[in-house]
Amino acid sequence: MTDLNVRERASLQLAITDAAALTAGQALERLGSGPSGLAEDEAAARLVQLGPNAVRTHRANAWAVLGRQFASPILVLLIATAALSLFLGDATNSVVIGVILLASVGLGFANEYRAERASEALHSRVTHRAAVQRGGTTRDVDVTALVPGDVVHLSMGAIIPADIRLLTTNDLLCDESILTGESQPAAKDPAPVPAGAALADLASCAFMGTVVHSGSCSGVVVATGGRAEFGRIALGLGERQPQTEFQLGLKRFSFLLLQVAIVLTSLIFIANVLLQRPLLESLLFSLAIAVGITPQLLPAVVSTSLATGTRQLARRRVLVKRLVCIEDLGDMDILVTDKTGTLTEGKISYTGALPASPDMSDDGLLTLGLLATEADYSGGTVSAAGQNPLDAALWESPGAAAFEPARFERLDLIGFDHQRRRTTVLVREADGPALVATKGAPEDVLALCGPTPPAVQAMLDGQFDAGARVVAVATRPAAGLGQLVPADERDLTLAGFLVFLDRPKANARQSLDRLEALGISVKLATGDNAKVAEKVCADLDVVSGGTLTGAEVEGMSDADLSAAARTATIFARVSPEQKARIITLLRESGGAVGFMGDGVNDALALHKADIGISVDTATDVAKDAADVVLLDKDLGVLADGVMEGRRIFANTIKYVLMGTSSNFGNMFSAAVASVVLSFLPMLPGQILLNNLLYDSGQLAIPGDRVDKEQLRAPSHWNIAFIRRFMLLFGPISSLFDFATFALMLFVFTAAPGEFRAGWFIESIATQTLIIFAIRTRRVPFLRSRPSAGLLAASLGVVALGVFLPLSPLAGVLGFDPLPVPFFLALLGMVVVYLVLVELAKQWFFTRGAQQVPVVPPPVQRRHATHHISRRAFRFSSPVRVPRSGAHRVRVRRRRNHQARR
């Protein structure tokens, strides 16, 4: 292929609608490519010219994080008011406010930016690759390095890496629901379509982000990144990750507090103006109250929790591809998994042959089994690498050493697929007649033979009952036959059975117990016989809710299958399409469904699940489709991930409950006192300093311990529960604030500076130390110990709060010295406050309304944009992704099922 100049390369952006109307040859010519693909140097030049095949960037953006710190309009207004106050002469107070605000913003920025850097490092460890033909050879390259003109090869379960014009297809069906909303897969064919056809009718093309439902294909890339149809939609959604249900709940909660803050501060401002207080002082005080109420560091707490969770899981050999995957893990209440390697050791061994007649020897049956594999034995040696586990076990068996490949010539082969569930070969020994040999699932192979003798059926049932994995081998003479078609799989004679064993894992029962304790229902989806799966469950003392076979699943309506799937434990002899259907229906019935798989046949179900889980030893297609990769195939490791997700939720809710109890109560007290007293109970800078110290201490919450009962089931947002919590504990906090006011005014006859110092210390002590009571439903310290980090941070904040009014900075901050008896009275008040809070907590959680402080999640919590954004993250680059005007499109669902009709 001739080299192209820069201008020619820039023009190589063929619209998919135009490419669909061209022949395969014309499309290659227009793209300056050929059947052997692009040369390496040409592909590199196009990548530089056109940019990466990406719709997301995972580079941490410090400016974006900093901008989010100033997203609160109240914060911006407070900064503006402080600046105005500075110019009007109140320099000291304005500078104090400015320094405190900068420290607060810096605290939030440092923690959020560190979390983004963790996310960037996470993305850098995860790669998604595609098989690309370059310079006549096929190699794997990162999907973000694809360029128009690249020739790619795709098989079942793969995600289409770009918009491609199909060159060849083999029974290709593509799941395009993410683009069109159409549930049925679309048939594809390389033949050109009429010009001007709708997107849903472009049968000669495959779209970026869609999934190969079945079959295989090769195609030439015509559009990448934001120029692809999927890329346009993904760019329209923006860069931010899809929010989980909990994050959306936090957003609603923050908005609720913002509304409360606006109402409260407006009333405070009006009241202070009517009392003829200085205008700017009243405005600054009102805005400081608003900042104190709103949970400024909530994003930082969530981000820190997720980043901490990522590090914890990495130590447990669990790799998450996106930070929010951790919360998805915590949400999971149904896990569908294969039994191989999870409940069993995953080390399949060949145990022997069972001939069906006296004429067949054990060695002869093993030889037929070796012939009916997809391995290429023409070179004389065969590697087990790349073989399916059963074929690999055959080739690794001692009897395989006696196999003489030179004796046989393979004439043709029909590979294994999950509809036929068998492999068929046409072979010839020496110069003898041709022979058809078929090896596969016993039920399917026996259906191609004559009536099964009772003795043979009993032999097969005996192996199934013993938990053995069995494949059947059958043959027929095929003299004169030179090529195989599926119709040739007929009139076979059963040769016998090959028996394999995969023993139950020693720690499987313990892992299942852990998942059960976490409220997770485990279901098996296997291609094995139902009796084999039931025997494994029986060996592990798993109580089965019933078994559904693939044949039964196929004959059931969606409504019937949805009801049956919720109670069934085993899905046996199910195809990849049936697994995906079961996952979809379980999700639609209200479950948060995880699927764990490691084979090509699992990729469809991995895409459909709320959380796809694979293992490091899985096929590339399965790992590519997963959200979480376990470096050890162990359900116990998965239980660690679920606990981490729930721990993050529990720790984040602690911060929320603190904000709705003591913090909210203190700000309410300040509002009331500002109206009743002849002076402000705290200066604006003191309120902001109080808030900064309080928030700093709470940044240790993400590393806190969590009680076991909080991990037993997934928790979901319940604003009614939080409102009830606020209405009880907020007034308790205000009650002790008012007691402090009375103590300062009537006992110590405090001046304004003393009053502010006394309440500052009491406020810091009560709203910080309450965390030890509300972090657990147990008795704090005696039955539930906080983490060392949280204990040190909280006590440190209280100590600093006591020190500041006594320090050389007291005058600058507006504090006056306090008498020693005040601290004795303060100690007694804090002890009484914490005891009262503990008693109120016990009463609150023993009430019937609080027994289940969560509401069930709504059915189908995941929306279309969630799945688009989730899939878009496989097309992520560390460099900035351009967003030209052509890419800024309105997000829309292209529902073209009417056009299909």
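All values below were derived from every heavy atom in this structure, side-chain atoms included, with hydrogens, water molecules and symmetry-related copies excluded. Everything numeric in this text was worked out from a predicted model, so none of it was measured.
- Across Lys708 and Arg778, no two heavy atoms sit closer than the pair N-NH2, 4.0 Å.
- Atom CZ of Arg277 is separated from atom OG of Ser674 by 6.5 Å, given to the nearest 0.5 angstrom.
- Judged by distance alone, the side chain of Lys654 and the main-chain N or O of Gln698 form no donor-acceptor pair under 3.5 Å.
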task: Could you go through the side chain to side chain contact (heavy atoms under 4.5 Å, CB included) check for Phe823 and Val802 one step at a time?
output: CA-CA 9 Å; Phe823 293 98; Val802 172; 4.0 Å; yes
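- Between Phe781 and Phe772, the angle of the ring planes lies from 30° to 60°, which puts this pair in the tilted group.
- Arg756 and Phe815 get closest at one heavy-atom pair: O-CE2, 3.8 Å.
- By the 4.5 Å heavy-atom criterion applied to side chains, Leu689 and Met682 are not counted as neighbours.
- Pairing each heavy atom of Val830 with each of Ala765, the nearest pair is CG2-CB, 4.1 Å.
- Below 30°, between 30° and 60°, or above 60°: for Phe679 and Phe755 the angle between ring planes is above 60°, a perpendicular geometry.
- One distance of note links CZ of Phe269 with CG of Asn272; it measures 8.5 Å at 0.5 Å rounding.
- Checked against the 6.0 Å centroid threshold, Phe668 and Phe738 do not count as a close aromatic pair.
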message: For a side chain to side chain contact (heavy atoms under 4.5 Å, CB included) check, start with the C-alpha distance between Val318 and Asp640, then their side-chain angles and the critical distance, and finish with the verdict.
response: CA-CA 9 Å; Val318 178; Asp640 290 337; 5.7 Å; no
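- Rounding to the nearest 0.5 angstrom, the gap separating the CD1 atom in Ile270 from the OG1 atom in Thr265 is 9.5 Å.
- Heavy atoms from other residues, nucleotides or ligands lying under 6.0 Å from CD of Gln276 number 12 at most.
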Steps toward side chain to side chain contact (heavy atoms under 4.5 Å, CB included) verdict (Val675, Ile268): CA-CA 7 Å; Val675 177; Ile268 293 171; 5.7 Å; no
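- Trp759 pairs with exactly one of Phe741, Phe736, Phe748 by the ring pair (Phe, Tyr, Trp, His ring centres under 6.0 Å) rule, that one being Phe741.
- The aromatic rings of Phe845 and Phe725 sit tilted, their planes meeting at an angle between 30° and 60°.
- Taking the side chain as every heavy atom from C-beta outward, Phe822 and Leu743 approach each other to under 4.5 Å.
- Heavy atoms only, all atoms of each residue included: Arg647 and Pro702 are closest at NH1-O, 2.7 Å.
- How far CD of Glu762 is from CE of Met829: 5.5 Å, rounded to the nearest 0.5 Å.
- Across all non-hydrogen atoms, the minimal contact from Ser787 to Asp704 is N-OD1, 3.0 Å.
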field: Test side chain to side chain contact (heavy atoms under 4.5 Å, CB included) applied to Leu836 and Tyr833, step by step
entry: CA-CA 5 Å; Leu836 183 58; Tyr833 171 71; 5.8 Å; no
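- Of all heavy-atom pairs between Gly665 and Asp737, the closest is O-OD2, 3.8 Å.
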